[in-house]
Amino acid sequence: MRPMQPFSPSMFAVAVPGVGELAVAAVAAAVAVVLLPRGRRRLASGSAALLTLGGVAAAAAAAAPEWRDAALALARLCGVASVLQSLVVVAAVPVWERFAVPMPRIFLDVLRWLALAAAVVAGLWEAGIDAGELLAGSALVTAVIGFALKDTLGNVFAGLAIHAEHPFEIGDWIQYDPNPAHVGRVVEINWRATKVLTLDEAHVIIPNGQLAQASIRNFTKPDPWSRRSLFVVTPYDVPPQRVQALILDAIRGSFGVLERPAPSVVTNAFTERGVEHWVRLFTTEFDKRDRVDGMARDRIWYAFARHGIEIPVATQAIRLTQLPAPAAEPPDAALRRRAECLASIGLLSPLDAALVRRLAAENVDRVYAAGEQVVRQGEPGAAMFVVMDGRVEVSAAAVDAPVHVATLEAGDYFGEMSLMTGAPRVATRRDPPPRGGEGVVRAGARRAAGPRGAARKGAAGAARHPVAGARRGRADRSERPGHLAENPRFFRDLSDGRPRRPGLMRIELLPSSVPPSDAQFLTTYLVDAEVAIDAGSLGLLADRGRQRRVRHVFVTHEHLDHIATLPIFLENVYEPGPESVELLASAGVLEFLHTDVFNGRVWPDFFALSRPEDAFVRATAIEPFAPVTRAGLAVTPVPVSHGTDTLGLVVDDGRAAVAFPSDTGPTDAIWRHLAAVPNLRAVFLEASFPDEHAGLAAAVGHLCSGSFAAETRKLPRDVLWIVVHRKPRHAAAIARQIAALGLPRVELVEPGRAYEF
């Protein structure tokens, strides 16, 4: 007996022709579906369709024996074609795209059709038909069909060339023939044609063969910006360089106009109307190019109007109808209007009527376009503006984007800080987009009078549109003037606006509750407005002008109530440029702030983002008993006893010294140091817990009422002791216990009060 042969799939395929091919095709289709990305699995639909057709053919062979041979041949053909389709899809998508850019769809379709053709040729060959002879015998038919499909085949091959050379891609803006109006965005590239969407929202279908022969202008490749050209004519009596400077300043910040590449203006021609200037600007808003051009022209018109430059009309123009010109405002009426506006401002209330009228006489009116910047943050300025009507948006630079600060209405004003001190602008004022009407800004008197009638150099202005900094009769806190009181022995301090006697050190514990109260949750001391000790509540200071004056922040230790608003404060006061706030602390505290606060998770890494030309913060490590001098103050760090490394600070302005032991338990080093300070005036000493919680106070490195008294006895000096850091829930008990001790010159701190020494 012949031994039984083991079973194999090939034997089954021989016994049932076509089943083996369909089985392999099914496996290949399944592999293709698994390997293809989820969004592109529809590419396996061709393989699935061929597999289904092959299965139907195999079933027909079993049901109709008279068609068995033809049906099984079709099943084998579909199986082979499905396998080739799956292999092409797998090779062209998951394999190819691992090493190269995605293959264009038209190339993939060509490969799939070639695979299908290869399967047909293989099937014909297996059936005993010479495919070459078949093609040769139908040469005439092939020639007729080729001639009929000449244009279609030309478009197909042109589409292949477009995908191969990449002269443009979907999303690019192109000009597809010499007509400059024929510009559109490419939305589709298929076998026969390319579809373009024009600015009129019309779809234009362009045959690929026509595009292959055209000179295509791509406005978005290789760079995303494109240049726009405007032509402006000015009178011959205006110097061209002056005009060019005005145009460049006018279009700066206009919608869509890029600063890099920078716009430029050149003298283009001398015409019968005047000097023609060629304005070249760059934009990435190509789909809104008409708006870009139009708003730039608006800016130029308003700039010319402000400077008395008229755009000349054609000299051969003939006026058939002359309408009466609108009546000009009489000079006296304009003077009265400006004087009434200036008199209504509280900032100028110390001036008599004659000085106000003098300001009004020297003032000029200025008109600004909607969206135009009136002043820019960081630029020098010596003018004050008053809004006559309309609105002005005030914004300031932040880390990621400008931050809206305020909206100014008629009667508001701004720029008084630049007027009085010559300081750079602290914010950008922009005329907002119009809401149904045109905005007008008038501004700019050349002199502003002082409180005793002496004229001070600067500028003031009246305006008819958004421009200002504060409500009528109220100074802008961000730009408060600094020398208006009549009494020569006092001056207005720029920090809190209250009278301050010169030569005295001013100290304020910032409130840490809303509304302000005696409860102390956070710690920040301001010393002479420019130096802060700790930043627990510094970033909550409502007056951002006061925040901007702080240039040096000493951090005594890393506990949260002493650093809580430091990130917010640094963001509030950041302005692009090399100048920045200086952060002074021990090396350990600086390392903690970098790794645990400014670490890119809790807050952006201001340390890493800071560069010499654009710094968010400057860090300086301080050492115990090594004095540093900032803003005219000598600050000496001294170690104290707390739950973590903590430095107390002794601040000396040369006339008086004040000590801030910070958070501390019973300690000694700072008292030994203070015993040698001759001009010591006060000590801000903590008392966090009442005596019934003395154990808790000792465990966490704080003082209670009794240990507060013990610490005062370590410094036998006649100084003022100011009690700080009372835990709010124990504040009343601590106050009663300290009062019962009868200590001389001891008082409870008042948050928000200005202490002077």
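For reference, positions follow the sequence shown, starting with 1.
Side-chain contact, Ser254 with Arg299: no donor N or O sits under 3.5 Å from an acceptor N or O. No hydrogens or angles considered: nothing links the side chains of Glu508 and Thr524 as a donor-acceptor pair under 3.5 Å.
Scored by the salt bridge (charged side-chain N to carboxylate O under 4.0 Å, His left out) test, Arg630 finds Glu582 as partners (sequence neighbours excluded). Every residue two or more places apart in sequence or in another chain that forms a salt bridge (charged side-chain N to carboxylate O under 4.0 Å, His left out) with Glu530 is listed here: Arg549. Not counting sequence neighbours, the partners of Ser229 by the side chain to side chain donor-acceptor pair (under 3.5 Å) test are Trp278. Scanning for salt bridge (charged side-chain N to carboxylate O under 4.0 Å, His left out) contacts around Glu340 gives an empty result, with sequence neighbours left out. Residues that satisfy the side chain to side chain contact (heavy atoms under 4.5 Å, CB included) test with Pro516, not counting sequence neighbours, are Pro511. Residues satisfying the salt bridge (charged side-chain N to carboxylate O under 4.0 Å, His left out) test with Arg655, not counting sequence neighbours, are Asp653. Residues that satisfy the side chain to side chain contact (heavy atoms under 4.5 Å, CB included) test with Ser517, not counting sequence neighbours, are Ser513, Ala519. Residues that satisfy the side chain to side chain contact (heavy atoms under 4.5 Å, CB included) test with Asp518, not counting sequence neighbours, are Pro751. Residues passing the side chain to side chain contact (heavy atoms under 4.5 Å, CB included) test with Leu248 are Pro263, Val265, sequence neighbours excluded.
Between the CD atom of Glu575 and the OG atom of Ser580 there is a distance of 11.0 Å, given to the nearest 0.5 Å.
The stretch residues 243-261 participates, sequence neighbours left out, in these salt bridge (Lys or Arg N to Asp or Glu O under 4.0 Å) pairs: Asp249-Arg376, Arg252-Glu379. Sequence neighbours left out, the pairs with a member in residues 525-554 that pass ring pair (Phe, Tyr, Trp, His ring centres under 6.0 Å) are Tyr525-Phe660, Tyr525-Phe684. For residues 226-243, the pairs satisfying salt bridge (Lys or Arg N to Asp or Glu O under 4.0 Å) are Arg228-Asp293, with sequence neighbours left out.
Within the cation-pi definition used here (under 6.0 Å to the ring centroid, within 45° of the axis), Arg291 qualifies as a partner of Phe255.
Note: Trp603 and Phe606 have perpendicular aromatic rings, judged against thresholds of 30 and 60 degrees for the angle between ring planes.
With hydrogens and angles ignored, the 3.5 Å screen pairs no side-chain donor or acceptor of Arg548 with any backbone N or O of Val573.
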Exercise for the section: Any chance you could lay out the side chain to side chain contact (heavy atoms under 4.5 Å, CB included) test for Arg289 and Val183, step after step, and finish with the verdict? Expected result: CA-CA 12 Å; Arg289 61 186 185 276; Val183 175; 3.8 Å; yes
